[in-house]
Amino acid sequence: MAIEAVRAYLSALGREGEILEFPVSSATVELAAKAVGTIPARIAKTLSFVWGESALLIVTAGDAKVDNRRFKDTFGCKAKMLAPDAVEELTGHAVGGVCPFALAREDILVCLDESLRRFETVFPACGSSNSAIELGCDDLFSLAKAEKWVDVCKGWRPEEG
């Protein structure tokens with residue numbers, strides 16, 4: 001079970017006790033926000049894209065959407081989401097619980113989107129459809145072993161309406 005891998009990963013870093021588990025689903029941004037008791041934008045959703053023979057994970061704010069032009073300008077390729085079975089095979093996490101922790105493969109590229117930085121803390125999943133952890137952006141970057149911050153999303157800036 002993926003949450004057990006995340007629990008072991010966070011335990012080794014002294015953070016296991018911070019995992020939140022809910023009696024209800026947190027598989028979507030809206031459900032996660034309701035379970036946590038926060039606004040949807042503070043849910044850190046992990047999106048999975050094709051990246052050569054592996055995957056690219058982009059962790060974004062819950063209200064952000066990938067901008068295809070920004071994605072292509074940043075990564076040099078078209079944004080192509082992984083099929084659900086490929087998500088679980090490559091990351092070790094099923095859709096609804098995908099997170100950037102305890103990944104099944106070492107060659108997965110993890111990036112965090114700028115849309116997260118407007119919050120003091122955010123809530124990424126922890127490998128199951130009913131879990132999360134509250135983290136500051138610096139902690140999320142470190143725990144996710146993120147490669148870099150990127151600006152590939154739209155819909156979250158006030159000027160974008």
Side-chain angles (χ1 to χ4, degrees), residues 1-13 15-51 53-68 71 75 78-116 119 121-137 139-147 150 152-156:
M1 188 175 229
I3 190 168
E4 295 308 323
V6 173
R7 192 180 317 282
Y9 175 76
L10 292 175
S11 179
L13 300 168
R15 307 292 295 259
E16 175 191 3
E18 298 175 46
I19 295 174
L20 306 169
E21 291 188 79
F22 313 110
V24 296
S25 175
S26 59
T28 67
V29 167
E30 292 76 20
L31 291 172
K34 189 172 183 180
V36 169
T38 192
I39 59 171
R42 285 186 60 210
I43 301 303
K45 63 184 177 184
T46 303
L47 303 175
S48 310
F49 298 92
V50 173
W51 188 248
E53 297 298 315
S54 187
L56 162 63
L57 301 183
I58 301 177
V59 185
T60 76
D63 62 345
K65 295 178 177 23
V66 170
D67 180 294
N68 289 326
F71 186 100
F75 296 108
K78 184 177 177 183
K80 182 178 179 197
M81 301 278 307
L82 286 173
D85 58 331
V87 171
E88 189 164 9
E89 178 186 329
L90 291 169
T91 68
H93 305 303
V95 172
V98 178
C99 65
F101 318 120
L103 298 171
R105 291 179 46 165
E106 296 281 327
D107 62 345
I108 294 174
L109 178 65
V110 178
C111 297
L112 273 53
D113 187 73
E114 290 289 334
S115 59
L116 295 167
F119 303 109
T121 62
V122 294
F123 296 87
C126 284
S128 71
S129 62
N130 67 327
S131 65
I133 186 170
E134 185 175 11
L135 296 170
C137 289
D139 280 346
L140 176 57
F141 189 90
S142 176
L143 293 172
K145 299 179 183 175
E147 179 75 23
V150 295
V152 297
C153 288
K154 63 183 177 182
W156 61 273

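Excluded from the calculations below are hydrogen atoms, water molecules and symmetry mates; all remaining heavy atoms, backbone and side chain alike, are included.
- Between F49 and F71, the gap from one ring centroid to the other is short of 6.0 Å.
- In this structure a side-chain-to-backbone donor-acceptor pair under 3.5 Å is missing from S115 to T60.
- The shortest distance between side-chain heavy atoms of C137 and L112 does not fall below 4.5 Å.
- The shortest non-hydrogen separation linking M81 to V50 is O-CG2, 4.3 Å.
- Remark: V87 pairs with S48, L82, T91, V95, V98 by the side-chain contact (heavy atoms from CB on, under 4.5 Å) rule, at least two apart or across chains.
- Contact record, E21 with I3: OE1-CD1, 3.5 Å, taken as the closest heavy-atom pair.
- Between L90 and A55, the closest heavy-atom pair is CD1-CB, 4.0 Å.
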One pair to check against side-chain contact (heavy atoms from CB on, under 4.5 Å): T121 and R42. What are the steps and the verdict? CA-CA 7 Å; T121 62; R42 285 186 60 210; 2.5 Å; yes
Give the C-alpha distance, both sets of side-chain angles, the deciding distance and a yes or no for side-chain contact (heavy atoms from CB on, under 4.5 Å) between I58 and F75. CA-CA 11 Å; I58 301 177; F75 296 108; 3.8 Å; yes
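- Here the closest heavy-atom approach between residue S54 and residue I108 is recorded as OG-CG1, 3.5 Å.
- Checking side-chain atoms of S26 against main-chain N and O of S129 turns up a donor-acceptor pair under 3.5 Å.
- If you take SG on C153 and CG on L47, they are separated by 7.0 Å, rounding to the nearest 0.5 Å.
- A distance of 9.0 Å separates SG of C99 from CG of L57, quoted to the nearest 0.5 Å.
- Within the model, atoms CG of L109 and CG of L103 stand 10.5 Å from one another, a figure rounded to the nearest 0.5 Å.
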Quick one: do L10 and L143 satisfy side-chain contact (heavy atoms from CB on, under 4.5 Å)? Show the steps, please. CA-CA 8 Å; L10 292 175; L143 293 172; 4.3 Å; yes
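- Remark: side-chain polar atoms of R7 are not paired, donor with acceptor, to backbone N or O of E16 under 3.5 angstrom.
- Within the 3.5 Å criterion, the main-chain N or O of V152 finds a donor-acceptor partner in the side chain of D113.
- Going from atom CG of L116 over to atom CD1 of I43 covers 11.0 Å, rounded to the nearest 0.5 Å.
- The closest donor-acceptor contact from the side chain of T46 to the backbone of V59 lies at 3.5 Å or more, if one exists at all.
- Scanning both residues, L135 and R15, for their nearest heavy atoms gives CD2-NH2, 3.3 Å.
- A donor-acceptor contact shorter than 3.5 Å is absent between the side chain of N130 and the backbone of P23.
- Here C126 contributes atom SG and Y9 contributes atom OH; the two are 11.5 Å apart, rounded to the nearest 0.5 Å.
- The structure places CZ of F141 at 7.5 Å from CD of E147, a figure rounded to the nearest 0.5 Å.
- Using a 4.5 Å cut-off on side-chain heavy atoms (C-beta onward), T38 and F119 make no contact.
- Nearest heavy atoms, G92 versus A2: O-CB, 3.3 Å.
- A distance-only check finds a donor-acceptor pair linking the side chain of K45 to the backbone of A64 [under 3.5 Å].
- Of the possible polar contacts, one joining the H93 side chain to the F101 backbone as a donor-acceptor pair under 3.5 Å is found.
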